[in-house]
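Before any comments, here is the structure.
Residue numbers start from 1 in every chain, and the chains themselves are labelled A, B, ... in the order their sequence lines are given, proteins ahead of strands. Please read these numbers as outputs of a predicted model, since none were measured by experiment.
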Amino acid sequence: MKQIVDQIKEKIMEKQVPETSWFSPFNVVTGIILGVGLILTILRFTMGLETVTNLDNNTPWGIWIGFDLLCGVTLAAGGYVTSATCYIFGLKRFHSAVRPAILTAFLGYALVVLALHYDVGRPWRLPYPVFYSQGTSSLLFEVGLCVFLYLSVLFIEYSPAALEWLGFKKARNIIIRLTLVLTIFGVILSTLHQSSLGALFMIAPSKLHPLWYSSYLPVLFFISSIFAGMSMVIFEGSLAHRFLHHKMDQTHLDESLGVALGFSKAASLVMMGYVCVKLLGLSLDNNWHYLTTGWGIWFLVELIGFVIFPALLFAAAHREKNLTFARSAALWTILGIVLNRFNISIIAFNYHLPSDQRYFPSIMEIAISIFIVTLGVVIYRFICTRMPILHEHPDYKSH
Amino acid sequence: MAISRRQFLGTLGAAVGASAPLTNTHAAGRQFKGYPDSSGVLHDTTLCIGCRKCEEACNRVNDLPKPNTPFDDLTLLDKNRRTDAAVYTVVNRFAPPKKETTPVFVKKQCNHCLEPACASACFVKAFTKTPEGAVVYDESLCVGCRYCMVACPFEVPAYEYDNPLNPKVTKCTLCAPRLAQGKLPGCVESCPREALIFGKRKDLIKMARQRIMARPNLYVDHIYGEHEMGGTSWLYLAGVPFGTIGMREDLGTKSAPELTSGPLSAVPVVVGLWPVLLTGVYAISKRKDKIAQEEKQAALKAARQEAREEQAASLDKLREKMTQEKTAAINFEVKKALEEAAKGQQEE
């Protein structure tokens with residue numbers, strides 16, 4: 001046991017790149033953000049939500065749910081999308097994209113759970129719904145159970161990278177054999193909780209604007225998680241190419257264009273399907289007349305500007321084999337996902353209230369959200385510079 | 001034991017007949033109409049004078065913190081208020097639709113739904129609808145996620161945002177502890193105008209209907225809470241449309257569990273279908289790979305075979321050619337030798 005601990009310690013302390021200075025711009029900026037985050041954390045757990053947030057009795061959910069939970073989970077969908085593409089659908093040319101996607105998903109979900117600790121009143125009771133008192137009639141229960149299980153699955157799916165790095169061959173080989181089962185399990189859990197996040201709002205038809213309230217909410221959330229995941233893989237790939245290029249091996253570099261263009265084509269198609277379901281929902285509830293109101297224009301901005309437009313850009317990217325198009329479309333789609341989740345959870349939620357009772361996040365709420373994203377980036381960078389994520393470990397080539 | 005066709009059909013008919021009422025009761029079981037003898041309160045807003053005595057009593061019996069403005073300060077009525085962490089009930093004043101009539105006062109508190117949205121939404125079962133009628137909250141289970149507040153169509157549950165570590169959700173309890181002691185709810189007991197009447201819900205509905213029938217000019221022909229969101233234990237009568245006195249008329253009659261039953265019923269479908277489908281997709285993609293691999297192998301083999309045959313053919317040709325050349329050379333040599341021998345013979 002002690003040997004194992006020593007081995008881990010040694011690996012972590014191992015210097016990867018000779019740091020020229022502790023005060024690189026990246027370190028300074030992240031340092032400030034993390035410092036502010038820590039102070040706000042103390043404030044949150046000593047003074048309560050009232051001091052840190054703008055939440056009130058009419059708006060119990062703010063950006064910690066709208067962004068950290070809803071967007072966090074949706075944008076972490078790249079994990080199940082990429083692993084399913086590679087291992088279930090057998091498109092092996094996506095193989096080098098699986099590990100970064102799984103790592104992002106794992107960190108994403110872990111940070112979602114961390115963010116929830118800030119939002120809920122008694123975070124130490126977060127295991128209650130799973131282990132102590134199961135409120136099975138609640139969609140939030142389904143979300144909680146699935147997120148708990150999927151976080152465990154993602155941890156196991158991610159672990160081979162860590163085990164290869166640490167040199168634990170036997171354990172690594174056992175887990176690799178579980179790949180298919182874990183992937184299928186991941187898709188089931190993702191289907192359930194991605195859709196349930198949308199279904200959370202179905203209990204409040206009187207509070208969510210009819211243009212966004214639909215019995216298709218769960219379907220829409222699930223479909224949008226597919227193209228959100230693909231966009232994140234493309235977007236993240238562009239960031240990794242810029243900052244972690246030296247960590248990529250030839251296979252990764254050779255495959256990355258194919259991954260981006262392949263996902264561009266797929267995302268474009270899925271997004272058009274999403275638009276169809278949106279229009280179907282609009283027709284079934286006969287909500288067309290709302291389109292002429294202010295809310296309707298906002299709805300169209302979201303649908304045309306942030307779904308149809310990037311879908312066409314993705315299609316163009318694939319046809320022209322244009323990586324810049326693909327990356328721009330991916331970023332645009334991600335913004336669209338954030339906009340959609342904000343619309344449903346914050347902007348079009350409580351639309352009936354007078355404007356002075358509406359919610360707008362406080363600076364401190366935004367700072368905590370930035371703090372949590374930054375934490376994710378720092379951990380991602382830490383892992384990618386050390387473990388075989390963007391390259392294959394020399395001992396395990398072609399496995 | 002032989003069964004004739006007639007007998008068999010007869011048994012089948014009986015079986016179908018017997019199962020029909022079974023399915024009926026099953027379907028009826030889903031349409032929960034509330035506990036039969038549950039209690040409730042009828043709030044006749046035409047009688048309310050906005051004295052805030054109920055607010056005061058509520059504050060007292062629930063040991064809530066004393067507010068900054070005393071309860072006899074009626075200027076608070078100028079503001080449209082809602083319940084909050086320290087206030088389980090509020091009375092609001094609404095301007096009359098016509099100038100000559102008096103303003104309308106409406107008391108707001110938890111309506112104790114028959115099928116509460118908060119209880120349906122709670123992922124730790126912290127809310128319970130008791131057979132007596134109250135929707136009660138168990139602090140010892142609450143995680144503080146506030147989904148109940150999102151779910152409540154009446155915007156009632158409040159939260160202790162100022163409590164950093166042990167915040168509670170708060171709302172009216174229908175004075176469940178007092179009811180257990182045989183007392184009336186604090187607000188009902190204190191109402192000087194009998195604008196609040198406590199009783200069995202089914203009796204209250206009858207009473208409300210009688211009042212509407214007796215004075216159709218005074219009342220709007222609607223008992224608010226009879227069907228709203230599946231029905232509530234608190235019922236309301238009013239002389240003006242409910243929409244004008246802060247009560248939403250677009251809530252519909254579907255209860256919260258009905259609203260979410262669709263997505264919840266999708267769970268077994270996904271859990272049952274996905275593993276089979278995905279394993280199938282995997283098997284198909286693997287089989288495709290295998291077939292492609294085999295075809296590749298076969299093509300390679302054929303190509304190799306062809307190359308080998310071609311090679312063999314050209315070798316044969318070469319060999320033949322060489323043999324021919326060799327024979328020619330031998331013949332030439334023989335011929336030459338013979339010629340030389342003949343030449344020698346001639347010389348001798």
Q. Of the listed residues (B:Ala121, B:Ala151, B:Pro153), which shares the most heavy-atom pairs with chain A below a 4.5 Å separation?
A. B:Ala121

Q: Answer yes or no: does atom CG of A:Asp356 have more than 12 heavy-atom neighbours from other residues, nucleotides or ligands under 6.0 Å?
A: yes

Q: Among B:Ser261, B:Ala85, B:Pro257, B:Cys152, single out the residue with the greatest number of heavy-atom pairs under 4.5 Å to chain A.
A: B:Cys152

Q | Proximity breakdown for B:Lys168 and chain A, heavy-atom pairs closer than 4.5 Å | A | both

Q) Does B:Leu300 CG have over 12 foreign heavy atoms under 6.0 Å away? A) yes

Q: Could you tell me which non-hydrogen atom of A:Trp124 sits nearest to which non-hydrogen atom of B:Leu165, and how far apart they are?
A: CH2-O, 2.9 Å

Q. Given the options A:Val52, A:Leu126, A:Asn58, which has more heavy-atom pairs under 4.5 Å with chain B than any of the others?
A. A:Asn58

Q.
I'd like to know whether A:His352 forms a side-chain contact (heavy atoms from CB on, under 4.5 Å) with B:Glu155, so could you lay out the CA-CA distance, the side-chain angles of the two residues, the decisive distance to 0.1 Å, and finally the verdict.
A. CA-CA 12 Å; A:His352 60 289; B:Glu155 292 164 352; 2.7 Å; yes

Q: Mind ranking A:Ala199, A:Gly121, A:Pro205 by heavy-atom pairs under 4.5 Å with chain B and telling me who comes out on top?
A: A:Gly121

Q | Part of A:Tyr213 lying under 4.5 Å from any heavy atom of chain B | A | side chain

Q) Considering only heavy atoms from C-beta outward, does the side chain of B:Tyr161 approach that of A:Pro60 to under 4.5 Å? A) yes

Q: Please state whether the side chain, the backbone, both or neither of A:Leu353 comes within less than 4.5 Å of a heavy atom of chain B.
A: side chain

Q: Using atom types as modelled and distance alone, determine if a side-chain donor or acceptor of A:Ser206 lies under 3.5 Å from a backbone N or O of B:Leu251.
A: no

(Q) Are more than 12 heavy atoms, taken from residues, nucleotides or ligands other than A:Phe185, located less than 6.0 Å from that residue's CZ atom? (A) no

(Q) Once rounded to the nearest 0.5 Å, what's the spacing between atom OG of B:Ser140 and atom OH of A:Tyr128? (A) 7.0 Å

Q: Please report the C-alpha distance between A:Arg125 and B:Val124 in whole Å, then the side-chain angles of each, then the deciding distance to 0.1 Å, and finally whether the side-chain contact (heavy atoms from CB on, under 4.5 Å) criterion is met.
A: CA-CA 10 Å; A:Arg125 285 184 180 174; B:Val124 286; over 6 Å; no

Q.
Shorter than 4.5 Å, heavy atoms on both sides: which option in B:Arg146, B:Met149, B:Lys288 has the most such pairs with chain A?
A. B:Arg146

**Q.** Greatest number of heavy atom pairs closer than 4.5 Å to chain A - which of B:Val270, B:Val150, B:Leu264, B:Thr260
**A.** B:Val150

Q) Is there a donor-acceptor contact under 3.5 Å from the side chain of A:Arg122 to the main chain of B:Pro167? A) yes

**Q.** Heavy-atom neighbours of A:Phe45 CZ exceed 12 at 6.0 Å
**A.** yes

Q: Decide if atom NZ of B:Lys66 counts as having more than 12 heavy atoms of other residues, nucleotides or ligands within a radius under 6.0 Å.
A: yes

Q: For the pair A:Phe89 and B:Val281, evaluate side-chain contact (heavy atoms from CB on, under 4.5 Å) and give the outcome as yes or no after the intermediate values.
A: CA-CA 6 Å; A:Phe89 293 90; B:Val281 169; 3.6 Å; yes

Q. Non-hydrogen atoms of chain B under 4.5 Å away: do they reach the side chain of A:Glu142, the backbone, both or neither?
A. side chain

Q | Which of A:Thr59, A:Ile203, A:Thr53, A:Leu49 touches chain B most, by non-hydrogen pairs under 4.5 Å | A | A:Ile203

Q. For A:Met202, is it the side chain, the backbone, both, or neither that has a heavy atom closer than 4.5 Å to a heavy atom of chain B?
A. both

Q.
I'd like to know if the side chain of A:Asn57 and the backbone of B:Pro157 have a donor-acceptor N/O pair within less than 3.5 Å.
A. no

Q: Examine whether an atom of B:Thr83 lies under 4.5 Å from a heavy atom of chain A, and if so say whether it belongs to the side chain, the backbone or both; otherwise answer neither.
A: backbone

Q.
Just to verify, which of A:Phe201, A:Phe141, A:Trp61 counts as forming a ring-ring contact (aromatic ring centres under 6.0 Å, His included) with B:Tyr147?
A. A:Trp61

Q | Contact winner vs chain B - A:Leu200, A:Thr51, A:Thr136, A:Val181, heavy-atom pairs under 4.5 Å | A | A:Leu200

Q | chain B interface, residue from A:Gly198, A:Pro129, A:Gly90 that has the most non-hydrogen pairs under 4.5 Å | A | A:Pro129

Q. Relative to chain B, which segment of A:Phe349 carries a heavy atom at a distance below 4.5 Å: side chain, backbone, both, or neither?
A. side chain

**Q.** Part of B:Cys122 lying under 4.5 Å from any heavy atom of chain A
**A.** backbone

Q. B:Ala126, B:Gly144, B:Ala266: which one forms the most heavy-atom pairs within less than 4.5 Å of chain A?
A. B:Gly144

(Q) Could you report the tightest heavy-atom contact between A:Gly48 and B:Pro164, atom names first, then the distance? (A) N-CB, 3.4 Å

**Q.** Stepwise side-chain contact (heavy atoms from CB on, under 4.5 Å) check, A:Thr183 with B:Leu278
**A.** CA-CA 10 Å; A:Thr183 305; B:Leu278 293 175; over 6 Å; no

Q.
I need the residue from A:Arg44, A:Lys207, A:Lys92 with the largest number of non-hydrogen atom pairs under 4.5 Å to chain B.
A. A:Lys207

